[in-house]
Amino acid sequence: MSLDYEPRFTEPLQASYIVREGQPVKLSCRFTAYPKGTITWLKDGTPIDFEALGISRDFTVVKEVDYTALLIKEAFPEDTGSYVVVIRNSIGEAHSFTQLTVEDFFCRTPESELSDTPSKPVFVQSLRDTTINEGQKLKLNAAVNAHPEPEIIWYRNDIPLKNSRDLMLTFDGQLCTLTKERCEKENDTGVYRITAVNSMGQAECTCQVIVQSSDTLMLRDRLQFNHTQPIGGQAVQESEKLLSDSLVEQQSVPTSTLITETKSVSNIYEQQVQTANTTDTLEVPKISRSRSSFHQAKTMKFGSAPKLSFTMNTLPTMPAPEPMLTTPAGFPPEFRQLFHDQKTSLGSTVKFEARAIGTQPLNAYWLFNGSPITHLGSNQHYQQQIFNDTYILTIFNIRYDDIGKYTLHVENAWGKATCTAELFVPPTVARYGKKISRQTWNQL
C-alpha cells in the first residue's frame, strides 16, 4: 500500500493582511506532502519575478519541508495585490490564497475639515533618516499644514531637486513625497531638505539618506589578497612593527651585521639590531613600503661568508571597511490623519480626531495651550477615546475658556510626533433676551 499523498495545508495563509507603508510583512503557512513538494509563490496570478513585476526588491522566500513564508522587509503600496502559494508533488497540488493591502503613508484630511484661517507652514510629520542599498527604491514623506497652500522645494546637499525621468516630486496640499526608483551611492547619498513657503512664512525639515554600496558586504573578501615570499614565513602589515630573527650557523658567538640591500643596518631610531647568543634580531618599529627589500644576515667571524638571507615584503595598509549600517528595529510615530482648526458655538460638542502609527508601545497624551489635560478618565467635560491607531478627544458643552490650542503628542523609544489645531468660538451678544452673533450685531 502506497504512503504517498497530495499536498494539503495544515495552517493556510490568512485571508487578508493590511499593513502600513514602510512596515515589514510576513505571509506564512504550513503544509504536509509526501513525496516532498515544490513551492511556488505568485502575485496577481504571476510567479514572483522581481525585475518583471517591478515590486519591492526586499522580497525573500523561505522554503522548508513543511513551511514556507514570503517576507517583505519594507512594503510599498505597489506591493498590494493577491498572493497565492502553490505546493505540488507527483500526486497533486494545493493552493492557499491571501490579499495583501499596503496603505499609503499618510491619509489626507478631507477638504471640508481644513481651516481657512491664514497660517504659516508647519511640518506635522518630519522627514525620517533612511538607509538603503544601491539599486533599491527611495521614498521620503513629510506632511505640512499651511494656508494658503505653500510652495514646496526639495534639496539634496543644498542643491534644488526637480522632477526628472527617475525622480518624482509630488505635493497634494498636505503630503510631500520624493520617490526615486533605483538609487546610487555616489549620486543619492546626502542630506535631504524640504522647504515649505507661503505668504505667512516658511518652514523646513531635513533628513540623512545613506545609500550603501553593493560591494559593502563583500569588502572583507576583496581585501584578502595574497602575497608571495613573506619574511621567514611571515607577512608584515604596513605601519606595523617588524621583529625578524636570523640564526647564525656558528657554534661560538660571532659579531654580526644585518644588511638591507647593500647598506648596513645601524642602530638608529627607525631600526634596532640586537645580538643574543646565535640569534640576530632586526626590529623596525614602523614598517613602510619603502622597506620592502632584500636582507642578509652576514656573520663576521674570522672573515667567514654570509650564512643566511631572506626577503621582506611589506603589505599595503588595508583600508578600514565601510561600516555596516543597519536599519533600526523600530520607527518613530507618524500621523496618518490630522485634525485641523475648528469654529463652533457655545454649548456645542467638538471632536478632534487623528490617526497615528509607530512601533509599540506608543505613549499618547493631549495638551490644551501647552499644558496636559489631566483626569481624562473621570473628567466629564473631556472624553478621550483610542481605537487601534485612532485617537479622539471630545469636548462637551463648549465654553469660552475652551478657546485655544489643542495638541496630541505621541511618542515612543524612536521619536515623537505632534498634531496641533485651534478651537474658535465667535463672540455673541444679547438683544431682547436673545443671543445674536457678532456678525449680526455689526449689521444692525
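For N89, the side-chain hydrogen bond (donor to acceptor under 3.5 Å, both in side chains) test picks out no residue, with sequence neighbours left out. The ring pair (Phe, Tyr, Trp, His ring centres under 6.0 Å) test applied to Y406 returns F352, F368, not counting sequence neighbours. For D44, there are no salt bridge (Lys or Arg N to Asp or Glu O under 4.0 Å) partners, not counting sequence neighbours. For T394, there are no side-chain hydrogen bond (donor to acceptor under 3.5 Å, both in side chains) partners, not counting sequence neighbours. Residues satisfying the side-chain hydrogen bond (donor to acceptor under 3.5 Å, both in side chains) criterion with S199, sequence neighbours excluded, are absent altogether. The ring pair (Phe, Tyr, Trp, His ring centres under 6.0 Å) search around Y365 returns H409, not counting sequence neighbours. Under the side chain to side chain contact (heavy atoms under 4.5 Å, CB included) criterion, S164 pairs with D166, L167, sequence neighbours left out. Applying the side-chain hydrogen bond (donor to acceptor under 3.5 Å, both in side chains) rule to T80 yields no partners; only residues at least two apart in sequence or on another chain are considered. The side chain to side chain contact (heavy atoms under 4.5 Å, CB included) test applied to R30 returns T10, E11, D66, Y67, not counting sequence neighbours.
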Residues 152-159 side chain polar contacts: donor-acceptor under 3.5 Å, at least two apart:
unit_1, atom_1, unit_2, atom_2, d
R156, NE, N187, O, 3.1
R156, NH1, N187, O, 3.4
R156, NH1, T189, O, 2.7
R156, NH2, N187, O, 3.0
N157, OD1, V191, N, 2.9
D158, OD1, R193, NH2, 3.1

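Listed here is the closest heavy atom pair of P333 and G415: CD-O, 3.4 Å. What you find for Q342 and K351 is that their closest heavy atoms are NE2-O, 2.7 Å.
A salt bridge is absent between E74 and K137; no separation between the charged side-chain nitrogens and carboxylate oxygens falls under 4.0 Å.
Screening residues 85-101 for salt bridge (charged side-chain N to carboxylate O under 4.0 Å, His left out) gives R88-E93 as the qualifying pairs, with residues at least two apart or on separate chains. Among residue pairs with one or both ends in residues 400-416, those qualifying as salt bridge (charged side-chain N to carboxylate O under 4.0 Å, His left out) are R399-D401; sequence neighbours excluded.
Taking the six-membered ring for Trp and the full ring otherwise, the centers of F97 and W41 sit at least 6.0 Å from each other.
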Task: side-chain hydrogen bond (donor to acceptor under 3.5 Å, both in side chains) between T32 and Y5, worked out - done: CA-CA 9 Å; T32 180; Y5 55 90; 2.7 Å; yes
